Each structure stands twice: as structure tokens, then as C-alpha cells.
Amino acid sequence: MSKELMEYDDQKEEVSVGEIFSEDSEDKILAKEEKKAKKKADKELKKSAKKLKKEKSDSSDDDSINKESDTEEAESLDDKKSKLKNKKKKHKKSKKETKPEDINIVKELLSLIVYIGIVVLACFLIINFVGCRSLVDGQSMEPTLHDGDNLWVDKLSYTIGDPERFDVIVFYYDDETTYIKRIIGLPGETVRIDQNGNIFINEMLLKEDYGKETILPSNIGRASQTILLGKDEYFVLGDNRNNSQDSRISSVGNVHRDSIVGKAIFRIYPLRDLGIVE
């Protein structure tokens, strides 16, 4: 071989070796970069994994907190329910402990009090506005009424109406004493009794048969002269005409409307004479 050819072969060999070397170094560099990139990617993955883990742990903590609060609320509701149940049980127990006998006694007492109140009120209304009981004392109303008779006196009739002729009335003689007589003369009329015992109303003979007997001249009293009755005055006589203190005497005189208690309408005792007073 020539010298130039040998030099050319050497250069060629050097170039190929260099090329091999350069190729090896590039592969190594690429491998290193791949490793670095892989490490970086691993680090990024680890970071993202840690971040996800942390977020999960935080969310799990929040869930646990919510769960705890829910459990606490549930427990508080359970406590309230249990308390209410206990109260109900206590109330039931107290009800059970109350004896039915005690309840019945209380009810009976209350009903008795209400009943007594109603009776008292009814009596008050009846006595003051409806009627009352009156006892006959003496013989001035015989033969219609007798000594000891118990009468029911109607007040309501004279509250809504006026007394009428021949009504048997109870009136106040004084603050403590009441008399029972029969109405003969009405307000505005004149009354006179003659010597024969005849009764004249407005100078007209009164036809009646209530008197037990004819009035004696000694018992005519102030009625021997004509008596003019006022607008609220009544002339009364007892049926036992010769044994009665009535309008013929000055101590009794004309009966004023305001002093009349009521009309005797019913005899309630004795039972054998039970009935309407006429």
C-alpha cells in the first residue's frame, strides 16, 4: 500500500471510532434525560398523589365532623324524646296514683256545691219575684181560710198586672206584720156600708156571698160614711165580717198598692184542704 492510502485508512478508522463514540455518548445523554424526566414525572405523580390523599383526608375529616354533629343532634333528639317519654310516664303514674275514689269525692263535692248554689239562687228569685209562703193566724177569713193554714202567695201576678176585686191578698199592716183579706173596693171607687150590712160600690149594691154573716151595725166602722179610694188604694174586708180588723177601722184603713205582697192562690197545708184559694 502506498503511504497516502494508509493515511486514508487511518483517518477512516478514526472517523468510525469517533462516530461510535459520539453515538454512545448521545445514547447515554438521552438515557440520563429520560431518567431525569422519569424522576420528575415520578415526583409530580407523588406530589399529586399526596395532594389527592390530603384532600381525601380533609374530606373524610369533614365527613367525620358532620357525622359527629349528626350523631350529636340525633343524641340530643333522643334525649328530648326520652325526657318527654319520662314526663308522660310520670304524668301517667300520677294519674294512676290518683285514686278513683278521691276523684269521685271531689266530683260529688263540686256537684253538691253547684246544686246548693242553684237552689239558693232559685229560692232567692222565687221569694223575691215569684212567690212566697204565708201562714194564716186567726179566724178573720173563715170559712174560706182557717187558723194555721199554709198558703202559697203569688207575687208575679201583681208584677205584671193589677189586683182585682175579690182577690185574697196578703199585705203589710206594719213592718213586721202581714194581714190576709179580700179586696172589695178598687182604686177610684167609693165604698159605703148601710145599717143593714149591705155594701155599695159607687152607690151600687155589691152582689157577693163571701161573707160568713151579715155585717152588724156595730161593725160598720168608718164605712158608714162614703169612702173615696185613691188611685192606688184598695178597700179590703175579712170573710168573717163581724170578727175581722180590716179597712173599716182607722188603724188598717185603705190598703196602698205598694204594701201588697201578693195574691194567695193555693193552700199547701193541711193536706186534707189542699187546693186553690177562691
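Computed from a predicted structure; not experimentally measured. For reference, positions follow the sequence shown, starting with 1.
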Looking only at heavy atoms, which two atoms of [X] and [Y] are closest? And how far apart?
{"X": "Ile199", "Y": "Arg241", "result": "CD1-NH1, 3.8 Å"}
{"X": "Asn254", "Y": "Arg222", "result": "OD1-NH1, 3.4 Å"}
{"X": "Leu228", "Y": "Glu233", "result": "O-OE1, 4.2 Å"}
{"X": "Leu237", "Y": "Arg248", "result": "CD2-NE, 3.4 Å"}
{"X": "Leu229", "Y": "Gly185", "result": "CD1-C, 3.5 Å"}
{"X": "Tyr234", "Y": "Pro187", "result": "CE2-CD, 3.3 Å"}

#### Entry: Hphob cluster co-occupancy, Val261 + Met141, side-chain heavy atoms under 4.5 angstrom
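Yes, it is one cluster - the side chains of Val261 and Met141 are joined through contacts under 4.5 Å.
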
### Within one Ile-Leu-Val-Met-Phe-Trp-Tyr cluster: Val168 and Val153, side-chain cutoff 4.5 Å
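As far as the 4.5 Å side-chain criterion goes, Val153 and Val168 are connected within one cluster.
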
Test item: [X] and [Y] side chains (from C-beta on) under 4.5 Å apart, heavy atoms:
{"X": "Ile220", "Y": "Ile215", "result": "yes"}
{"X": "Asn196", "Y": "Thr214", "result": "no"}
{"X": "Glu189", "Y": "Met204", "result": "no"}
{"X": "Arg182", "Y": "Leu145", "result": "no"}
{"X": "Arg257", "Y": "Asp162", "result": "yes"}
{"X": "Tyr179", "Y": "Val236", "result": "no"}
{"X": "Leu151", "Y": "Ile180", "result": "yes"}

Atom [atom1] in [X], atom [atom2] in [Y]: separation rounded to 0.5 Å?
{"X": "Ile265", "Y": "Ile169", "atom1": "CD1", "atom2": "CD1", "result": "14.5 Å"}
{"X": "Tyr210", "Y": "Ile184", "atom1": "OH", "atom2": "CD1", "result": "9.0 Å"}
{"X": "His256", "Y": "Phe171", "atom1": "NE2", "atom2": "CZ", "result": "11.5 Å"}

### Query
Does any N or O in the side chain of Ser111 come within less than 3.5 Å of the main-chain N or O of Lys107, such that one atom is a donor and the other an acceptor?
yes

#### Entry: Glu203 backbone acceptor or donor facing Arg192 side chain under 3.5 Å
no

### Message
Take a 6.0 Å sphere around CD1 of Ile276 and say whether it holds more than 12 heavy atoms from other residues, nucleotides or ligands.
### Response
no

### Message
Quick check on Phe166: does its CZ atom have over 12 non-hydrogen neighbours (other residues, nucleotides or ligands) under 6.0 Å away?
### Response
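Check passes, neighbour count above 12.
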
Residues 132-140 side chain polar contacts: donor-acceptor under 3.5 Å, at least two apart:
from: Arg133; atom 1: NH1; to: Asn150; atom 2: OD1; distance (Å): 2.2
from: Ser140; atom 1: OG; to: Lys181; atom 2: NZ; distance (Å): 3.1

### Query
Do Tyr158 and Asp167 have a side chain donor and acceptor closer than 3.5 Å?
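Yes, Asp167 and Tyr158 have a side-chain donor paired with an acceptor closer than 3.5 Å.
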
